[in-house]
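Here's the structure, in structure tokens; my notes come after.
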Amino acid sequence: MTNVLCQALNLQYPLIQAPMAGVSTPEMAAAVTEAGALGSISIGASTPEQAAVMIAKTQSLTRGPFNVNVFCHAPVQRNAEKEQAWIARFRELFARYDAELPAGLQEIYQTFHANQPMLDVIEQAKPAAVSFHFGIPDPQTIQRLKRLGIVTLATATNVNEALAIARSDIDFIIAQGIEAGGHRGHFDPNAFDHQLSTFTLVQAIRQQTSHPVIAAGGIMDGSGIAAMLQLGAAGVQLGTAFVLCPESAANPAYKDALRQAHESATIITAAISGRQARCLRNAFCAFSGEFLAEDIPDYPLTYSLGKALAAAAAAKDEHGFGAQWAGQGAALAREMPAGELIKTLVHEWQG
């Protein structure tokens, strides 16, 4: 197929498998790429050493193009009083699961901003594409990647973010609608979120810039792909659609919860990680439903406690405290190999 995304990355189809840290794997990305779309892995939750291994593994499984995703969140602002108050809220839960309450919160993920070791890994590996979530890097970093021939993409949740991406010379804007699973990609988590649907956001961005736009959020089948391309999107990114694939790293409890999802099965919460993210309604969401946004510590500090709680509960066979990210189309998820899913999506879209 001839379109700007396919031409830029030598793809058969203008489809992207979302990076999904903790779910996507080299095996998933390679299978998607081999099927003619753009596979993705995320190294946002990895150390540079882990990232190098993950990228090399993907390169060993496919000679085709794939995307490497990094997190560009703002540096953590520590607040000892706020962090200790947050920990104290979970005292009874940790006791219930016979686990020790964390003494403090940890910055478990490093931002890509000013992260020279991670930039070195990417420059050495030279993947076909690099995408940015939670913001964009400095101009010098963007140009260093582009000089290597790397195609760049970045997530926008509103028009202002999209215009900032276009001005930065990043190649593609990923328009993330409110339907999307996982973390909202907004640059400033404290700013007002207009919560635009994918349908509305794609059109709003295209009204303001001619920069190519990738539609993301709530798209699960060929008819959704067709609708977004009809709106003028240069491509479509799907994430939740791949969670049930055998190549997915989602644990059995996460997959079981997704299989049982219905049309109102998801909710947006910041209590799990410290940033707004859409997930399946579970025990964590029920416990934290009344918490105030201003009481939640910065991402990823909050996530360090969330992960500790999830592990403690899972050890007692309670799996409802995990980060079970999923979009509003969760009920439409299908269980099949990633490459087969691409073929199915293309057949549905093209008829």
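The shown structure was predicted, so the numbers you read here are calculated from the model rather than taken from an experiment. For the numbers below, each heavy atom of this structure counts, side chains included, while hydrogens, waters and symmetry mates do not.
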Same hydrophobic cluster for I219 and L244, using side-chain heavy-atom links shorter than 4.5 Å among ILVMFWY?
-> yes
Linking I/L/V/M/F/W/Y whenever any side-chain heavy atoms sit under 4.5 Å apart, do L238 and L332 land together?
-> no
Decide whether I173 and I178 are clustered together by the hydrophobic rule: side chain heavy atoms of Ile, Leu, Val, Met, Phe, Trp, Tyr closer than 4.5 Å, transitively.
-> no
Is the shortest heavy-atom distance from the side chain of I214 to the side chain of P14 under 4.5 Å?
-> no
T141: which of L119, I122, I136 passes side chain to side chain contact (heavy atoms under 4.5 Å, CB included) | L119
Give a yes or no answer on whether the side chain of T209 reaches the backbone of L163 with a donor-acceptor pair at less than 3.5 Å.
-> no
Please check if the side chain of S304 supplies one atom and the backbone of Q106 the other of a donor-acceptor pair under 3.5 Å.
-> yes
Starting at OG1 of T25, measure out to NZ of K57 and round the result to the nearest 0.5 Å.
-> 9.5 Å
Between the side chain of E83 and the main-chain N/O of I296, is any donor-acceptor distance below 3.5 Å?
-> no
What is the minimum heavy-atom distance between V202 and A175, and which atoms define it?
-> CG2-CB, 4.0 Å
Say you draw a straight line from OG1 of T198 to CE of M228; how long is it, rounded to the nearest 0.5 Å?
-> 5.5 Å
Are any side-chain N or O atoms of T152 and backbone N or O atoms of D171, one a donor and one an acceptor, separated by less than 3.5 Å?
-> yes
Evaluate whether atom CD of Q124 has more than 12 neighbouring non-hydrogen atoms of other residues, nucleotides or ligands under 6.0 angstrom away.
-> no
Could you tell me which non-hydrogen atom of L341 sits nearest to which non-hydrogen atom of A241, and how far apart they are?
-> CD2-O, 3.2 Å
Using distance alone, with no hydrogens and no angle criterion, decide if D120 and Q116 have a side-chain donor and acceptor under 3.5 Å apart.
-> yes
Ignoring hydrogens and angles, tell me if any N or O in the side chain of H186 forms a donor-acceptor pair with the backbone of Q276 under 3.5 Å.
-> no
Take K82 and D298 through the test salt bridge (Lys or Arg N to Asp or Glu O under 4.0 Å) and record every step on the way to the result.
-> CA-CA 10 Å; K82 186 178 191 177; D298 279 4; 5.3 Å; no
Is M336 reachable from V346 through a run of I, L, V, M, F, W or Y residues, each pair having side-chain heavy atoms under 4.5 Å apart?
-> yes
Do the side-chain N and O atoms of N67 and S131 include a donor-acceptor pair separated by under 3.5 angstrom?
-> yes
Looking only at heavy atoms, which two atoms of V159 and L201 are closest? And how far apart?
-> N-CD1, 4.4 Å
Count the heavy atoms of every other residue, nucleotide or ligand shown that sit under 6.0 Å from NZ of K343, and state whether that count exceeds 12.
-> no
Taking side chain as C-beta onward, heavy atoms only, is P137 less than 4.5 Å from F132?
-> yes
If every non-hydrogen atom of E107 is compared with every non-hydrogen atom of L301, which pair is closest and at what distance?
-> N-CD2, 3.7 Å
Here the pair of heavy atoms bringing D193 nearest to R184 is OD1-NH2, 2.8 Å
Tell me, yes or no, whether the heavy-atom count around Y97 atom OH, taken from other residues, nucleotides or ligands under 6.0 Å, exceeds 12.
-> yes
Heavy-atom donor-acceptor pair, S40 side chain to Q17 backbone, under 3.5 Å = yes
Any side-chain donor paired with an acceptor under 3.5 Å for N115 and H113?
-> no
Taking a hydrophobic cluster as the set of Ile, Leu, Val, Met, Phe, Trp and Tyr residues connected by side-chain heavy atoms closer than 4.5 Å, whether directly or through intermediates, do M220 and L280 fall within one such cluster?
-> no
Tell me, with the steps shown, if E34 and T62 meet side-chain hydrogen bond (donor to acceptor under 3.5 Å, both in side chains).
-> CA-CA 7 Å; E34 290 295 300; T62 180; 2.5 Å; yes
Nearest 0.5 Å please: distance from the CG atom of L61 over to the OG1 atom of T33.
-> 10.5 Å
With a cut-off of 6.0 Å (strictly less than), are more than 12 heavy atoms of other residues, nucleotides or ligands near NE2 of H347?
-> no
Count the heavy atoms belonging to other residues, nucleotides or ligands that lie under 6.0 Å from CD of E294, then report whether that count exceeds 12.
-> yes
Within the distance-only criterion (no hydrogens, no angle test), does the side chain of Q328 pair as donor or acceptor with the backbone N or O of E179 below 3.5 angstrom?
-> no
SB check E335 R259 (cutoff 4.0 Å) = yes
Can you name the nearest heavy-atom pair linking F287 to R89, along with the distance?
-> CZ-O, 3.5 Å
Please check if the side chain of K255 supplies one atom and the backbone of C245 the other of a donor-acceptor pair under 3.5 Å.
-> yes
Sort and list the pairs that fulfil ring pair (Phe, Tyr, Trp, His ring centres under 6.0 Å) and have at least one residue in residues 65-88, not counting sequence neighbours.
-> F71-F134, H73-Y299, W86-F90, W86-F291
Would W349 and V236 satisfy side chain to side chain contact (heavy atoms under 4.5 Å, CB included), going step by step from the backbone distance to the final call?
-> CA-CA 12 Å; W349 154 41; V236 175; over 6 Å; no
Is there a donor-acceptor contact under 3.5 Å from the side chain of Q237 to the main chain of G239?
-> no
Does any N or O in the side chain of Q208 come within less than 3.5 Å of the main-chain N or O of A204, such that one atom is a donor and the other an acceptor?
-> no
